[in-house]
Every structure is written in C-alpha cells, then in structure tokens.
Amino acid sequence: MTGERNAAVEFGQRVDAPYWTGLAEGELRIQRCTSCRKWTWPADWRCPGCGSYDLGWEAVEAVGTVFSRIRTHYPFVPAYADLVPYDNVLVELPQAGGARLIGLLTGGGARIGDRVRGTFVAASERTAGLPVLTWTKES
Amino acid sequence: MGKRPTGVAVAGIGITPYHKRGASPDAERKLLLKAIDAAAADAGIPASEIDGFCSYGADVQEGTRLAGPLGTRELRWSSLVWGGGGGGSAGAIAMAEAAILSGHAETVVVYRATAESSSGRLLRAVSQGVFGPHYAAHGVDSPAQALGLRTQRLIEHDGIPPSALRAIAQACYHHAGKNPDAVGHGVDLTDEKYESSRWIVEPLRLFDSSRENDAAAAIILTSAERARDLTDKPVYLLASAIGADGPKWGELDENHEPYTSSSQVSAGRRVWERSGATPADVDAVQLYVNFTGPAVSALIDLGFCTAENAGEFLTFENLIAPDGKLPICTGGGDLAEGFLHGMGNAVEAVRLLRGESSNPVPGARLCLVSGGPISELSSAALFATTDGR
C-alpha cells in the first residue's frame, strides 16, 4: 500500500500531521477553518463549509463522550494480539464541533454517552510508531 | 451506431464453486476467466463478443487484463467503481447499465473474483487501505471492527434489538441448508448455537460475520431486446444506482453522518424512483451481509422497515422462502452460501427470477440486490422477470 493513506510515506506531508505532532507534545489539536470557524474533521485540505483552503489548528481539552464502542476478541492487529479482548471507543468531542476520534479504552465500563478523559501516551511499536490518546471513563 | 436501447437485461451468469479461502486450485484470474466463459456459454455467445468490463472495490482484474485471454474483438468499456468494501457491488451493474443504455458498449460483463493466493487475505484486499493511522494506531484495522462500532450504536443508541441480527443469520443459514453448494450447508443455526458462538468483535459473533472464500462470478448484461433473442429466460434490470447520502459521507474516519446509515438511502431512493416500484412490490432481497448489523441498517434505509419496527419485522419467519414477507439471501448469501465480495448476490437474484434458486419464491417477479452497506458509497439494483417499461 502506498500513497497518502500510508502512515509510512512522508508522514510530515500528511494533512493531519499537526494532530500527531500535537499528541507528541501533550496537546489535542483539531483542525478548524480560519475563515468560517467550522471545525473540519477529519482534517483535509479544503473546508467543506465555505471552500476556504485557509485551515488552522486549535487545542482542545482531551475530554469527550462515548459515541460507540467495541470489544475486539479476534487478534486482527498483531501489535495488539497480546491484549485481546481489548476495548475501543469512538469518542465525540463536543468542544470541537462533534469531531470523533477512535482510541483504546482502559479500565472498561464505558457505555455510549458516558464521559471519558484522554491520557497522552508516547509512540511505541504497538501504536504503529504514533503518539496516541487512550481513554478512561470519568468517575 | 443504431438506435439506443431502452432497457437492459441479464443474458448469462457464471459462477465457480466457493472454495475455502486459499484453497482454490486456480489463480484468481484463471478462476475469473472460467466464470466469464461459463456466463458466455449461458448466454450462448462467444466470450470474445464481450465488449465491456465492470468491477468494483479493490479488484485488480482490470478489463485490459482479460481482453487478451478472452480474445476480445473490440474493447469499448472498462471501468471500476471506486470505494473500498463491497459498496460498489451493485454499482458495477449500474456502470454496465450506463454503458449499454448510452450505446458505449453492447455486451458488458460485471464480475468479481477473489483468491487468497493472488490477492492476499480478504480483509486487506477489500479494505483497500481505508483503515489509516487513526484506526491502526489503536488496534483497529479490519471491517469487522469498524462495522462493529456502527453495529454497537445501532443496538445501544438506536434501539435495534439483537434478535434482528440473529434472524438475519438464521435465515441465511436456513437457506444454505437447502443449497448443497453452500459453504454453510449443514449448519443448523439454532438460537443456542448462535448465542454460544464466539465473539469476533463485540457486538458481532462468528455467525454474524461473512466468510472468506476463493471464487469468481460473472454476469453478462446486454440490451433487453438482444437478451430476448439470446435466451428464453432474460432477467430484466429495472433500475440501478450508485450513491452516498450525507450530510457527511465518504472516507471520513468514523465521522460519517448519519453514523448508523447504511449509505444506501441515496441509491435506494433512485432505484425506486427510476423503476416506479416500491419496497412493498419486492418479492425477495439478495442482501449484502458483510455483517448482520449493517444488513439491518440497509433494510431500514432501503425502506423495508424502520428503526422502530425492525425488531418486529426482522424475524426468521419473515425472512425465509417461500412464504416469508421478505425472503433474503435465498442461496444462503454472504454469510452462508459463500462470500464473493457481494457478487454472489446478483447471481442468486438471476437464479431466483429464472426459477432456479435452491429456495424458490413461487411467482417471484421482483428481486432487489443491495451493495455493501456502510461503505464509502453503496449501490442497489432491481431485477425483474418482465420488462417493466
């Protein structure tokens, strides 16, 4: 697999490179149109709201609500095989126009609508060499 | 060029046996050539007469790779429906329809072949790289996981009862039980067997999941007029459509809206508009069942039920031939007949309307084929025993 979708190809050229740089620096950054102020996620080159190419990045708090969730039993991803069964959540960020992020849930127990908080985790072999947010249900 | 045709019909079908994944004795392209030959023989034409080629998804068997061995006299159309997954499985039929009605081509083959020895594991081949770093970094890298997320919200938020998913699986295995060629033939999927089957990705169990098979299928379409000359059992294509409905759809890393839509509202609406038929007129649906949850979403979006009455409507009794209100997957479908990225569903639609299905629906006149649900785009095609125009 080659091209824009591939994490290994010219990663710094990806349209969402500032997101990953932000995570490495302990900050959650989401793309936002500088012209019409619409949150644009997933990041892309053109604002679907106003057509502007002038897009910026804003830091938001790493909290959100569970939009959906799964528990993976089959070891689809070799780097995660030793963790099965493990939980993933799709987290909605109301403070960023409802942008959604996939992440690992630690501690379990979260249902749709529950509030979760993100923890910044450094890049590792498991995470395909990328810094990530993992999520935990807020008590 | 003569008068443009006003209708399109299937003149021939060809399909190889469903082999266990990796078990095909033939390479992928050889399997495919055999399926095309079988379809041409069924249509009563030399394979060299095929002048158009249409496929979808991750297919690497381009028309230009088939024209040589088929001895194609004149290549007039070769196209692929973009988008990962099987969303374009009925969309390839729509491309053939467009090519024939516009006069670009006369004899178009729609096809799909998968063989692990040639294309690798299906979950890689069909996902076509759409699971980028926003998925993979978190241990999510397969259709089962992405569609598990959709299914969980369908159940937990939209209120679809899990019994609807089970009914779909049981109807498919019931039909496979009467189809000796089905991979799932002989599996008696009782409630207990279903409920005790292992989780793949909660909320999806083993029996909610389609298979991986090596196989190839081909369907030859031509003008309705010519199909009538070629065969005494033409199956008419009343309408087909490709599409995606917003406000947010496409390749969006789970930021789609509405999130639990099957992406078939657009294609479904246009199939009903173009054909003048309604869901109530349909005698059976060859439903694309990648996983049971998205299939429920498809039935809602295509207008067969609502999120509110899905639990009541989607029962085993309603979904089986010959007497159910809406028999689905009459050959066993993607779950239980065998998985060919959805292409087997169009073949079964033709069989059903010719009266050749292993689970006949007496008097069936209209059969809908749905493309892969919850893909970046989806599609639908409506077939009939008579030319509705």
Using a cut-off of under 4.5 Å on heavy-atom pairs, state which of B/Lys248, B/Arg150, B/Glu254 scores highest against chain A. B/Glu254
Heavy-atom distances under 4.5 Å only: say whether A/Leu83 touches chain B with side chain, backbone, both or neither. neither
Which region of A/Asp87, side chain (C-beta onward) or backbone (N, CA, C, O), has a non-hydrogen atom less than 4.5 Å from a non-hydrogen atom of chain B, or is it both or neither? neither
I'd like a table of donor-acceptor pairs (distance under 3.5 Å, sequence neighbours excluded) in which one partner is a side-chain atom from residues 157-166 of chain B, with atom names and distances.
from: B/His157; atom 1: NE2; to: B/Arg153; atom 2: NH2; distance (Å): 3.1
from: B/Asp158; atom 1: OD2; to: B/Thr260; atom 2: OG1; distance (Å): 2.6
from: B/Arg166; atom 1: NH1; to: B/Glu195; atom 2: OE2; distance (Å): 3.0

Closest non-hydrogen atoms of A/Val77 and B/Gln145, given as atom of the first, atom of the second and distance, are CG2-OE1, 4.5 Å
Distance in Å, [X] [atom1] paired with [Y] [atom2], rounded so as to fall on 0.5 Å steps:
X        : Y        : atom1 : atom2 : value
A/Asn88  : B/Gln152 : CG    : CD    : 12.0 Å
B/Asp253 : A/Leu101 : CG    : CG    : 9.5 Å
A/Leu90  : B/Tyr259 : CG    : OH    : 4.5 Å

Could you check whether any side-chain heavy atom of B/Ile200 comes within less than 4.5 Å of a side-chain heavy atom of A/Phe76, counting everything from C-beta outward? yes
Quick one: which residues of residues 19-29 of chain A reach chain B at under 4.5 angstrom, heavy atoms only? A/Tyr19, A/Trp20
For chain B, which residues from residues 104-120 of chain A lie under 4.5 Å away (heavy-atom distances)? A/Leu104, A/Arg111, A/Ile112
Salt bridge (Lys or Arg N to Asp or Glu O under 4.0 Å) for A/Arg69 and B/Glu202? Distances and angles first, verdict last. CA-CA 9 Å; A/Arg69 61 194 177 97; B/Glu202 280 182 66; over 6 Å; no
Given 3.5 Å as the limit, does a donor-acceptor pair link the side chain of [X] with the main chain of [Y], or not?
X        : Y        : result
A/Tyr80  : B/Ala137 : yes
B/His138 : A/Ile102 : yes
B/Asn255 : A/Arg100 : yes

All side-chain contact (heavy atoms from CB on, under 4.5 Å) counterparts of B/Ala169, not counting sequence neighbours: B/Leu189, B/Tyr194, B/Thr292, B/Leu335
